[in-house]
Structure formats: C-alpha cells, structure tokens
Amino acid sequence: MHLDSSQQLFDRAKELIPGGVSSPVRAISPFPFYTSRAAGPYLWDADGNQFIDYCLAYGPMILGHRHPAIIQAAREQMEKGWLYGTPSLLEVEAAARISRLYPSMEMLRFVSSGTEATMAAIRVARGFSGRDKIIKIEGGFHGAHDSVLIKAGSGAATLGTPDSGGVPADTAKNTLQVPYNDLAALEAVLAAYPEQIAALIMEPVLGNIGPVLPEKGYLEGVRRITKEQDVLLIFDEVITGFRLALGGAQELYGIKPDLTTLGKIIGGGFPIGVFGGRRDILEQVSPRGGVYQAGTFNGSPVPLACGMATLDIMEKERVLEKLEASGKEMRRALQDILKDLDLPYSVVGIASMFKVFFGMEPHNYVQALRCDKAGYLDFFWRMMRSGVFLTPSQFETDFISAAHGSDVIQTTLEAFASCLKS
Ligand SMILES: *Cc1c(COP(=O)(O)O)cnc(C)c1O
C-alpha cells in the first residue's frame, strides 16, 4: 500500500495545522491518510487507495457517502438560498417531526454542532435549577467544551490526556464523575452534594470509549434516582439518536429524560446539533427566558433539509431494520472468528454499532482502558492494508451504513479473519 501522497500532505499539514489534523481523533499514528473522495461504503485517499469505511465520519453518514437523495435535497435547498438570518418554514417542520419522534422533547432548538447542543443543555439545566454542579460519566464524551472535557473518552483517552489544558480549575470543580453501570457511585455523589447538582449528563450507550452497553436495569435506576433527588437527566443522544431507534435510546429502552441532545445523523452529514426537552425547562431559553443561547447558523437550511431527507429514506426503506440485521450478522461472524482463533478478545455492539475489543468486554471506562491499545493499532494497519478502514482508536465505535451490502460485509469479515490471525 502506497501512502506517499498522504505522507507528504501530513508533512505540510503538521506545519500549518496542530498535529496535522482538524480534530484529534483523526491523528492516526504515525500519520493519517488524506481523503480525496467518498461514495457509498468507500473512501479513496490521495494515493488512490480504496477503503471500506466503518468510521463513517464518526457517525453521521448512516446512509453511506453521497447518497443521491441527500445530493438532491441539498441542491433543492441551495436553489432557495442557504442562509436567511430569519426564521424559516423548514425549522418549524423539522422541530415538529423531531418532537414527534422524541416525545420527551416538547420544545427544542437547532444549533450547529453536538458540542453546542450539550453546552446549551447544561447551561439551561443550571439556569433552571439554580445549581452549578453537574455529573458526567467517566469516558462519556459530550463535545469539546470546558464543563465536559474531563475523562472524556476517544481522542482524549487514546492520547492519554483525559483532562484538557486551559480548563479553569473553577470550572472543572463543578464537574463530578461517576463510573458507568454503577448506581451506588451515583447515589454516593448525590448524597455528598445535596441540592448542589443541576444535572447528570450521559450517553445512554457509551459510544466514545467503544460501545459500552448499559447493564439490565441501569438506565431505569438512573432515571429513578435522578428523579428522587430532583436532578435533571440529560441524555446525550448525538450518537444513539436515529440509530438505536428513530426515537433514539430513549425509545429503545423506554426512558424519558428531562433534556436531550441530538446531532450527527440528523444533519444528513452537514453540521448540526439539537437540544430540547421539557417545556417548563426550555421556556427558560432566550428570548422566552433568561438563559442565553444564540447562533448565526442555528437552524441552517441545508443541514435541516438533508436531515429531513435522511429521515424520509430511513422511514421509507426501513433502514434501521436492515442495519439491525447487518449489525447482528457482523457481530455473530466476528465472535465466530475470535472463537476459531481462540483469542481472548470480545465483540461488543448494538444496532449498527460494533467493536472488537482487544480484551474482555468492558462495562465502564476503567475496564475499557485495560484493552491492548498497541495491539489494536497494529491490527488497524493490517486492516488498512486489506482495504478496510476501521476507527483508528480502540476507543471509538465502528459503524455500518445502509450502503454496506452483504458482499462488502463479507469482504470485511475475510479481512478480519486473516488480520486477527496474523
Ligand atoms: C460527537 C459527539 C458530540 C459532539 O458533537 P460535535 O458535532 O462533534 O460537536 C457530543 N456528544 C456525543 C455523544 C458525541 O458522540
């Protein structure tokens, strides 16, 4: 496999862009490949290599790359203009449609990224409750802002810098951590800080430390305890939304959070974020209430049009049912491969999410960190040489798109078998 052009691009990029990349998860060791185009389940790099893509831009591309219906939706919206600075027809329609799928989101607002969505959700939780502290789950990722950059999974965990420089100690002290799948730890923190905690923010299924699944009764317990203690529950469904079900993890597990954040899939591959929840809480948001939130690109028409076109296809073509079947096929076959090779690794996932952990199935962040990171990276490059682009970190989830047919999955499994063996 030749990567000469990517290497040259990296040499230039690292002089211009910190680490040569625009986001830390893209910093594959020793250097990343630079993509020139994408279609369906494939990416092509600057040297003309073709890869089957299981990273899928870390989640948004659930229909695969350059789906014709999304090209058409973007084109039609472009013909009508792409930024108005006024309210638009589209945002009212889109808000109604999302609120129907997520009944817990009685009101919502569109922003431009998942980061902005969680930042706003946390601010409104603080404004509503009059409390400063929040709890997050160790290894949970909620974007790159001060309150949540603490033991934040994926990029941060791979690079071994779970805390970020530049976060004031006064901010960090308001973010408490509890392990996932541990109700006793949650109860202990709530007891230690009575009436000081505004909210618990969590990914219902951890997506940024691999996929780590909730044990039976865990999410129900979280909902019961937060309600009893009068602490708001924020489900960050930026990954799980429109993926575990159209109505997200909250539909699948039957849990009603107070606030929800969405992003990724619902922009059709364009930048978006959404935060919403209980009417009495969202009425605190400006200009209705006193909690400020604003953005030039909020409710941007092209992402909304492409998000709605994505939902149209997902509903019409029963995409989630098909992805459920593909995910099952992939996980079952991977488990068989591990068994045949007698490897002490694990396959974890749900719906269209999967991961081979180089270690035992983790139930929280600390357990995930015990996996063989270096072994995974070596395996990652073997898969690349076989034409398969998995997420480059042991701590990122692999995704399957609607464009990954069974022939593509079969090719992938053959690569898995030979690379795991070698
Ligand atoms: C990706 C992600 C975010 C951040 O979204 P951006 O659009 O990258 O800002 C927040 N929360 C979760 C769970 C995510 O996976």
Side-chain angles (χ1 to χ4, degrees), residues 21-27 55-62 102 109-123 125 134-158 164 175 180 199-214 219 233-244 248-250 252 257 259-277 293 295 297-300 302-304 306-307 310 349-353 355 365 368 391 393 395-399:
V21 293
S22 295
S23 192
V25 287
R26 302 178 196 168
C55 185
L56 293 162
Y58 294 92
M61 309 307 291
I62 196 162
Y102 294 76
R109 178 169 285 176
F110 294 106
V111 291
S112 298
S113 68
T115 292
E116 285 176 74
T118 63
M119 199 162 71
I122 289 169
R123 185 178 302 144
I134 60 163
I135 305 175
K136 72 177 279 294
I137 303 290
E138 281 178 5
F141 179 72
H142 307 291
H145 58 92
D146 288 3
S147 293
V148 291
L149 272 182
I150 294 155
K151 292 196 185 169
S154 66
T158 304
S164 169
T175 302
Y180 189 63
L200 163 64
I201 183 165
M202 67 184 300
E203 298 173 78
V205 168
L206 295 191
N208 289 282
I209 188 75
V212 177
L213 306 181
L219 294 174
L233 177 60
I234 307 173
F235 266 8
D236 180 357
E237 298 229 42
V238 171
I239 284 189
T240 50
F242 311 98
R243 180 178 299 282
L244 301 199
Q250 54 196 272
L252 183 72
L259 293 165
T260 298
T261 53
L262 300 168
K264 296 196 169 126
I265 290 173
I266 198 57
F270 291 85
I272 201 165
V274 188
F275 70 98
Q293 198 291 319
F297 297 101
N298 282 6
S300 196
V302 172
L304 286 184
C306 293
T310 301
I350 182 169
S352 51
M353 299 163 73
K355 190 75 182 179
Y365 177 70
T391 46
S393 164
F395 309 120
E396 284 283 356
T397 297
D398 296 310
F399 298 104

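FYI, the numbering just counts along the sequence from 1. Just the heavy atoms: all of them, side chains too, but no hydrogens, waters or symmetry mates, feed the values below. Every number for a ligand or one of its atoms is a count from 1 in the order of the listing.
- Taking every non-hydrogen atom of S113 and a distance limit under 4.0 Å, the qualifying atoms of ligand 1 come out as 7 (O), 9 (O).
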Candidate pair M119 and H142, rule side chain to side chain contact (heavy atoms under 4.5 Å, CB included), full reasoning: CA-CA 9 Å; M119 199 162 71; H142 307 291; over 6 Å; no

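- Within the 4.0 Å heavy-atom criterion, the part of N208 lying near ligand 1 is the side chain and not the backbone.
- Those atoms of ligand 1 with a heavy atom of I239 less than 4.0 angstrom away are 15 (O).
- In this structure, atom 4 (C) of ligand 1 lies nearest to the protein heavy atom T115 N, 3.6 Å.
- Every atom of ligand 1 with a heavy atom of E203 under 4.0 Å away is listed here by number and element: 13 (C).
- T391 and K355 are linked by a side-chain donor-acceptor pair at a separation below 3.5 angstrom, with hydrogens and angles left out of the test.
- Looking at H142 against ligand 1, only its backbone comes within 4.0 Å, counting heavy atoms.
- Judged by distance alone, the side chain of T261 and the main-chain N or O of T118 form no donor-acceptor pair under 3.5 Å.
- At a distance under 4.0 Å, a protein heavy atom can be found next to atom 7 (O) of ligand 1.
- Shortest contact from atom 14 (C) of ligand 1 to any protein heavy atom: K264 NZ, 3.0 Å.
- Annotation: the span from L200 atom CG to I135 atom CD1 amounts to 5.5 Å, rounded to 0.5 Å.
- Once rounded to the nearest 0.5 Å, the distance linking CG of L219 with OH of Y180 reads 5.5 Å.
- Between the CD atom in E237 and the CG atom in L252 there is a gap of 9.5 Å [rounded to 0.5 Å].
- The shortest distance between side-chain heavy atoms of M202 and L233 falls below 4.5 Å.
- Counting protein heavy atoms only, atom 11 (N) of ligand 1 is closest to D236 OD2, 2.6 Å.
- For atom 5 (O) of ligand 1, the closest non-hydrogen atom of the protein is G114 CA, 3.2 Å.
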